[in-house]
Engineer: 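Could you have a look at this structure, given as structure tokens, before my questions?
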Amino acid sequence: MALLLQGWLLAARRWLLAQETAATARLHHHPLCPVFEHENPRLKHLPLAVQQKHIVVTCNYEARRRGLYKLQLIHQAKSVCPDVVIVLGEDLTRFRNASKDLYAFLRSFSWNARCEKLGFDEVFLDVTDIIDYNVSNLNFNHLSNAFFCLAKDDPTVGFAYDASRLTGHLHPKTASANLDPASLDPLHLRLALGSHLAEYLRTRLESDKGYTATVGISTNKLLAKLVGNTYKPNAQTTLVPPYISDGEDESEDNVTSFMDSHDVSQIPGIGYKIAQGLRAYVRQRPADFGAEPAYDSSKETMLVHDVRTHAGIGPETLERVLGGPNVPRGIGVRVWGLLNGCDEAEVGQARDVPAQISIEDSYIRLDSFDAVVKELRLLANKLIQRMQTDLLDEEDEEDEDDRWLAHPKAIRLSTRPRRRENSEGSRNRSFARISKSSPMPTFVFNLKESVDVVVDRLLSETLVPLFRRLHPEQRGWNLSLINIAATNITEAAREQGGVGRDISKMFRRQDEVLRQWKVEETAALEAEEVVEGSSEWPERRREFFERVGSEDVPTRSQERVCDADNGWESEEDDTVGVALSRCEECRAVMPPFAMGAHGRWHAQSGRGN
DNA sequence: ACGCTTCAG
DNA sequence: CTTTCTGAAGCGT
């Protein structure tokens with residue numbers, strides 16, 4: 001479906017749930033507390049703070065009730081709340097495991113594998129297809145005795161629910177939970193189904209995994225995330241229609257009034273820099289050109305409403321005001337959309353491996369070469385172990401040769417030099433990191449060597465040289481942080497069984513083909529954007545509402561899957577110049593002739609059910 | 001490809 | 001020591 005909101009085509013056309021584990025409420029990040037409480041339930045009712053270095057990185061509700069807050073100094077926390085339970089949280093292993101568990105659990109409900117992690121404890125699910133299917137299954141004469149189907153191929157998997165009303169909290173809170181049976185607004189109905197799905201997922205998450213969760217339900221990532229903040233913890237909120245105003249009065253739609261009530265800095269996607277730019281523009285001041293950071297205007301509040309209704313505001317103005325070096329192109333359109341509750345960003349495809357793995361530690365004082373080498377060894381050891389836990393195929397352990405699901409192409413060493421005392425002005429902005437990188441040496445993938453041997457080699461052949469490039473001076477530096485990252489991790493194209501391995505190995509050899517294909521894809525994406533961008537921005541908001549199911553148009557790659565089903569007339573192995581296809585579901589890259597079998601593998605293995 | 005910035009939790 | 005320990009994405013060269 002497509003929906004026009006305030007003159008904006010919501011290209012995402014998706015029905016989303018933003019899911020977030022609870023007990024992180026206002027911090028709404030760092031899943032650290034829930035994990036500790038999970039391991040030791042008595043902690044739930046005690047003030048609990050998680051310590052990293054000298055600060056409280058997060059704390060539970062009881063601690064916050066007693067006046068603690070995130071990133072507070074430990075000694076302050078102890079003086080404010082002497083009986084606070086402090087646990088060390090520098091080793092993130094358990095939190096990463098909990099995060100993976102949460103992600104795998106939610107992903108298992110997805111049909112389209114659009115399941116995106118945000119940090120350790122939040123997940124976006126695009127459940128458009130599930131809602132579509134269940135709306136199409138409804139018996140409109142018996143809405144209150146509906147059955148929500150969670151698996152297309154098994155009608156017994158699911159739960160009973162009342163489709164005539166929404167469940168959970170609503171925004172605005174005065175809204176009725178009942179659907180109007182006379183009009184039966186399709187958007188309202190679908191959000192109702194979304195609310196029941198969210199409730200079911202929260203219930204299952206708690207019964208199966210023991211975690212409570214906070215969820216927001218709306219039509220795009222922005223709104224789902226923001227509305228999820230309304231009630232916490234262990235709650236869900238649905239942003240109810242109307243999403244567009246009937247007439248001229250734009251304050252009558254719930255999206256505009258909801259967005260208007262936020263401070264600009266609360267909007268995800270509007271960070272420190274952009275918020276500062278917006279405030280400066282609306283207050284008609286030059287953007288802080290390095291003036292006193294002490295009198296920061298950054299603390300001032302400015303509502304979305306003030307920006308949105310500012311004279312002369314619009315995508316073009318914002319592009320001009322906010323644009324600059326390091327600012328993404330199209331920032332004006334993007335921010336204008338966000339201010340109006342529009343977010344075209346798709347929920348990302350589920351990933352089997354991260355794009356990057358990094359390990360870092362911070363230091364009070366690190367100014368000798370020997371100490372640096374010692375720390376580099378510790379960090380490198382952790383990095384190799386992380387690579388082995390996160391990038392290795394857990395199955396078929398007998399295949400010694402290539403268990404790597406993905407290979408990082410580069411390794412990067414970053415440091416944060418401690419800011420030097422300054423002769424005057426003390427305008428010492430540089431808490432910035434500096435880095436050097438080099439190709440990842442292939443010996444790190446050798447599983448026959450012990451980790452220690454690999455680490456030693458990595459240290460002497462790669463990391464120490466990188467460090468010398470980064471800090472050519474023998475002395476005089478003092479580092480407050482070191483980070484080592486395995487970067488540019490790209491999933492190996494693969495399929496189950498022997499054929500898949502052959503195919504994936506073939507591709508590793510055929511770089512040329514791959515690159516050629518990637519260029520094609522980029523061009524196609526740009527073309528799509530041109531088409532979308534070419535439509536004019538209407539002055540007035542117009543309603544545009546497509547009916548259920550209208551977006552079931554096959555994508556480019558889906559069409560290729562169909563074509564490829566019959567297409568076994570391909571030639572030899574040496575097919576340089578063959579057009580490649582990518583599976584829409586798992587993003588695996590392969591020649592068209594492999595897509596048929598690959599697609600059947602998806603269907604049969606029931607991934608995502 | 002590489003170094004850096006911005007945004008996120 | 002405006003912080004912690006990450007991860008994704010995009011700009012400019």
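In what follows, chains are A, B, ... by sequence order, proteins preceding strands, each numbered from 1.
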Engineer: Figure out the CG/C1' separation between A:Asn483 and C:dT4, and round it to whole Å.
Structural biologist: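 Value for this atom pair: 12 Å.
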Engineer: Is there a side-chain contact between A:Ser435 and the phosphate of B:dG3, meaning an N or O under 4.0 Å from OP1 or OP2?
Structural biologist: no
Engineer: Without decimals, in angstroms, what is the distance between A:Leu470 CG and B:dG3 C1'?
Structural biologist: 11 Å
Engineer: What nucleic acid atoms does A:Ile267 come within less than 4.0 Å of, heavy atoms only: base, sugar-phosphate, or nothing?
Structural biologist: sugar-phosphate
Engineer: Taking atom NZ as the centre, does A:Lys382 end up with more than 12 heavy-atom neighbours from other residues, nucleotides or ligands that are less than 6.0 angstrom away?
Structural biologist: no
Engineer: Ignoring the backbone of A:Arg96, work out which of C:dG7, B:dC7, C:dC11 is nearest its side chain.
Structural biologist: C:dG7
Engineer: Residues in side chain to side chain contact (heavy atoms under 4.5 Å, CB included) with A:Asp390, at least two apart?
Structural biologist: A:Lys100, A:Ile357, A:Arg386
Engineer: If we count only N and O atoms by modelled type, under 3.5 Å, do the side chains of A:Thr487 and A:Lys409 hold a donor and an acceptor together?
Structural biologist: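 No donor-acceptor contact under 3.5 Å links the two side chains.
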Engineer: Looking across every strand, which nucleic acid part, if any, lies under 4.0 Å from A:Leu481 by heavy atom: base, sugar-phosphate, or nothing?
Structural biologist: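 Contact class for A:Leu481: none.
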Engineer: For the side chain of A:Ile359, counting heavy atoms from C-beta on, which of B:dT6, C:dT6, C:dC5 is nearest?
Structural biologist: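 Given the options B:dT6, C:dT6, C:dC5, the side chain of A:Ile359 is closest to C:dT6.
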Engineer: Students often get this wrong, so: under 4.0 angstrom with heavy atoms, is A:Gly269 touching a base, only sugar-phosphate, or nothing?
Structural biologist: sugar-phosphate
Engineer: A:Lys436 side chain N/O closer than 4.0 Å to the phosphate oxygens (OP1, OP2) of B:dC4?
Structural biologist: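 No, outside the criterion.
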Engineer: Return no unless some side-chain N or O of A:Arg386 is found under 4.0 Å from OP1 or OP2 of C:dC5.
Structural biologist: no
Engineer: Do A:Ser435 and A:Arg412 pair up side chain to side chain, a donor and an acceptor below 3.5 Å, judged on atom types alone?
Structural biologist: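 Judged by distance alone, the side chains do not pair up.
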Engineer: Heavy atoms from C-beta onward define the side chain here; which of C:dC5, B:dC7, C:dA8 lies closest to that of A:Arg351?
Structural biologist: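 Nearest to the side chain of A:Arg351 among the choices is C:dA8.
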Engineer: Tell me the interatomic distance from A:Asn488, atom CG, to B:dA1, atom P, rounded to whole angstroms.
Structural biologist: 7 Å
Engineer: Quick one: which of C:dG10, B:dC2, C:dT4 gets closest to the side chain of A:Gln52?
Structural biologist: C:dT4
Engineer: Just N and O in the side chain of A:Arg433: are any of them under 4.0 Å from OP1 or OP2 of B:dG3?
Structural biologist: no
Engineer: Taking CG from A:Asp91 and P from C:dC5, how many angstroms apart are they, rounded to a whole number?
Structural biologist: 11 Å
Engineer: Could you state the atom-to-atom distance from CD of A:Gln276 to P of B:dT6 in whole Å?
Structural biologist: 10 Å
Engineer: Does the side chain of A:Leu118 reach to within under 4.5 Å of the side chain of A:Lys225, using non-hydrogen atoms?
Structural biologist: yes
Engineer: With nearest nucleotide decided by heavy atoms, which residue, A:Arg412 or A:Asp361, maps closer to the 5′ end of DNA chain C?
Structural biologist: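 On the 5' side of the pair lies A:Asp361.
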Engineer: Send over the distance from A:Glu90 CD to C:dT6 P, rounded to a whole Å.
Structural biologist: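 Taking CD of A:Glu90 and P of C:dT6, I get 10 Å after rounding.
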Engineer: Taking NZ from A:Lys225 and C1' from B:dA8, how many angstroms apart are they, rounded to a whole number?
Structural biologist: 8 Å
Engineer: Nearest to the side chain of A:Pro268, which nucleotide is it out of B:dC4, B:dA8, B:dT5?
Structural biologist: B:dA8
Engineer: With a 3.5 Å cut-off and no angle check, do the side chains of A:Glu375 and A:Tyr363 form a donor-acceptor pair?
Structural biologist: yes
Engineer: Looking across every strand, which nucleic acid part, if any, lies under 4.0 Å from A:Leu73 by heavy atom: base, sugar-phosphate, or nothing?
Structural biologist: nothing
Engineer: State which of B:dC2, C:dC11, C:dC5 makes the closest approach to the side chain of A:Pro328.
Structural biologist: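 Selected nucleotide: C:dC11.
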Engineer: For residues A:Trp477 and A:Phe369, establish whether the separation of their ring centroids is below 6.0 Å.
Structural biologist: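 Here the rings of A:Phe369 and A:Trp477 have centres that are no less than 6.0 Å from each other.
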Engineer: With nearest nucleotides of DNA chain C determined for A:Leu71 and A:Gly324 from heavy-atom distances, which residue corresponds to the more 5′ nucleotide?
Structural biologist: A:Leu71
Engineer: Ignoring backbone atoms, establish whether A:Thr58 has a side-chain N or O less than 4.0 Å from OP1 or OP2 of C:dT4.
Structural biologist: no
Engineer: Can you check the A:Ile489 CD1 to B:dA1 C1' distance for me, whole Å?
Structural biologist: 17 Å
Engineer: Side chain of A:Ala432 only, please: which of C:dT4, B:dG3, B:dT5 is the nearest?
Structural biologist: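 So the side chain of A:Ala432 is nearest to B:dT5.
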Engineer: Look at A:Arg416 and B:dC4 and indicate whether a side-chain polar atom (N or O) is within less than 4.0 Å of OP1 or OP2.
Structural biologist: no
